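Values in this document were obtained by computation on a predicted structure and should not be read as measured data. Note that these values count all heavy atoms, side chains included, but never hydrogens, waters or copies made by symmetry.
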Amino acid sequence: DAGVIQSPRHEVTEMGQEVTLRCKPISGHNSLFWYRQTMMRGLELLIYFNNNVPIDDSGMPEDRFSAKMPNASFSTLKIQPSEPRDSAVYFCASSLGGTSTDTQYFGPGTRLTVL
Amino acid sequence: GDSVTQMEGPVTLSEEAFLTINCTYTATGYPSLFWYVQYPGEGLQLLLKATKADDKGSNKGFEATYRKETTSFHLEKGSVQVSDSAVYFCALSGGSQGNLIFGKGTKLSVKP
């Protein structure tokens, strides 16, 4: 079974450039989550979707970050313009129902480096 | 707001030693509790979970019991192996939509 798929696995870009991270959740899962992992702040929830609708984006750091889920099998996280402090590993996760008892399945992550 | 506190690492043990990683939480209502493991260069994998008080989650020799009275969910394993070397995250999920709140993570290194 295919798990959560993320692309690219590694991204190196220069400050000011636009970055787009992609995620394909597990088929049949109704909830999708974007997390960011840094040494300083650990794992932080950025935004999550339920049935393709953004439910809570209060974790999105600022207006430079945006996320979309145009259909049940695809989501993007965009940073424009990127800054060095955005360097982190970005994880996408999906769950079947999105309730508090559901297990979240994580993708392998995208390691972003902004120079 | 809800939060998770887990013991600082790193933790270094010899093979076959006993492992405890402490985790306590603060939450309103009745959260579900999780332990996730992250191997180097990989995403997080669910290790075990418990969804109500006094539940015990177990997997691959690891155990944790949901203790409401002490708001704890400590991870234990009786005999660790080198292959258990990883970062372990305690997390809670209390919202209606299931978003996770993670602890800082504890890095475990097991030496042969």
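Distance check, rounded to the nearest 0.5 Å: OG1 of A/Thr103 to CD of B/Gln45 gives 12.5 Å. Annotation: the span from B/Glu42 atom CD to A/Phe91 atom CZ amounts to 10.0 Å, rounded to 0.5 Å.
Contact annotation for A/Glu44: neither backbone nor side-chain heavy atoms come within less than 4.5 Å of a heavy atom of chain B. Proximity to chain A involves both the backbone and the side chain of B/Leu100, based on heavy atoms less than 4.5 angstrom apart. If you measure heavy-atom distances from A/Arg41 to chain B, the contacts under 4.5 Å come from the backbone alone. Looking at A/Met39, neither its backbone nor its side chain comes within 4.5 Å of chain B, counting heavy atoms on both sides.
Between chain B and the residues A/Gly59, A/Gly42, A/Pro108, A/Ala93, the largest count of heavy-atom pairs under 4.5 Å involves A/Pro108.
In plain terms, the two heavy atoms of B/Phe89 and A/Gln37 that are nearest each other are CZ-NE2, 3.4 Å. The minimum heavy-atom distance between A/Phe33 and B/Asn99, with the atom names listed, is CE2-CA, 3.8 Å. Nearest heavy-atom pair across A/Met40 and B/Lys104 is O-NZ, 3.8 Å.
Both B/Leu92 and B/Leu47 are members of a single hydrophobic cluster when ILVMFWY side chains are connected at heavy-atom separations under 4.5 Å. Residues B/Val4 and A/Leu46 are members of separate hydrophobic clusters, defined by side-chain heavy-atom contacts under 4.5 angstrom among Ile, Leu, Val, Met, Phe, Trp and Tyr. B/Ile101 and B/Leu75 fall within the same hydrophobic cluster, defined by Ile, Leu, Val, Met, Phe, Trp and Tyr side-chain heavy atoms under 4.5 Å apart, directly or through other members. A/Ile5 and A/Leu21 are members of different hydrophobic clusters when ILVMFWY side chains are connected at heavy-atom separations under 4.5 Å.
A side-chain donor-acceptor contact under 3.5 Å links B/Tyr36 to the backbone of A/Gln104.
The local environment of CD in A/Glu83 is crowded, with over 12 non-hydrogen atoms from other residues, nucleotides or ligands closer than 6.0 Å. Within a 6.0 Å sphere centred on CG of A/Asn71, heavy atoms belonging to other residues, nucleotides or ligands number more than 12. In B/Tyr39, the OH atom is crowded: over 12 heavy atoms of neighbouring residues, nucleotides or ligands sit closer than 6.0 Å. Crowding of B/Glu69 atom CD: a count of heavy atoms from other residues, nucleotides or ligands under 6.0 Å exceeding 12.
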